[in-house]
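Have a look at the structure below before the remarks.
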Amino acid sequence: MSDVLERLQTIVSNQLGIDKEKVVPSADFTKELGADSLDVVELVMSFEEEFDIEIADEEAGEMSTVQDALDYINANITE
């Protein structure tokens, strides 16, 4: 498992108060993980902080699954 996915799982599980095992790439933030629109905004802010990246509002609006976030982060991080 990638380090990025593991970090994402930790962020999402902590913020949404769910088991880390439920945070799989195919999981939809709102439909399967129970996030509301405010939760999604807070998650995006946490992703930006954790990975030291900027996520444009348009991009954030298109992130509906864990895989979407993973793809965006992997494409934009410089470690």
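Please read all numbers here as calculations on a predicted model, not as lab measurements.
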Do [X] side-chain atoms and [Y] backbone N/O form a donor-acceptor pair below 3.5 Å?
X	Y	answer
Asp36	Leu38	yes
Asp68	Thr65	yes
Glu48	Glu54	no

- Message: Check for me, please, whether Leu70 and Met45 land in the same ILVMFWY cluster - side-chain distances under 4.5 Å, paths through other members count.
- Response: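 Different clusters: Leu70 never reaches Met45 through Ile, Leu, Val, Met, Phe, Trp or Tyr contacts under 4.5 Å.
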- Query: When clusters are formed by joining ILVMFWY residues with side-chain heavy atoms under 4.5 Å apart, either directly or through shared neighbours, do Ile77 and Val12 land in the same one?
  - Reply: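 In one cluster: yes.
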Mind checking the [atom1]-[atom2] spacing from [X] to [Y]? Nearest 0.5 Å is all I need.
X	Y	atom1	atom2	result
Asp52	Ile73	CG	CD1	12.0 Å
Ile53	Tyr72	CD1	OH	6.0 Å
Thr30	Asp39	OG1	CG	10.0 Å
Gln15	Phe47	CD	CZ	7.5 Å

- Item | Check: Thr10/Lys20 side-chain N/O donor and acceptor closer than 3.5 Å |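 Yes, Lys20 and Thr10 have a side-chain donor paired with an acceptor closer than 3.5 Å.
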- Side-chain donor-acceptor pair present, Gln67, Ser26, cut-off under 3.5 Å: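 The answer is no; no qualifying pair exists.
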- Query: Among all residues two or more places apart in sequence or in another chain, which pass the salt bridge (charged side-chain N to carboxylate O under 4.0 Å, His left out) test with Glu50?
  - Reply: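 Arg7.
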- Minimum-distance pair of heavy atoms, taken over all atoms of Ser13 and Val23: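 In this case the closest contact between Ser13 and Val23 is N-CG2, 4.2 Å.
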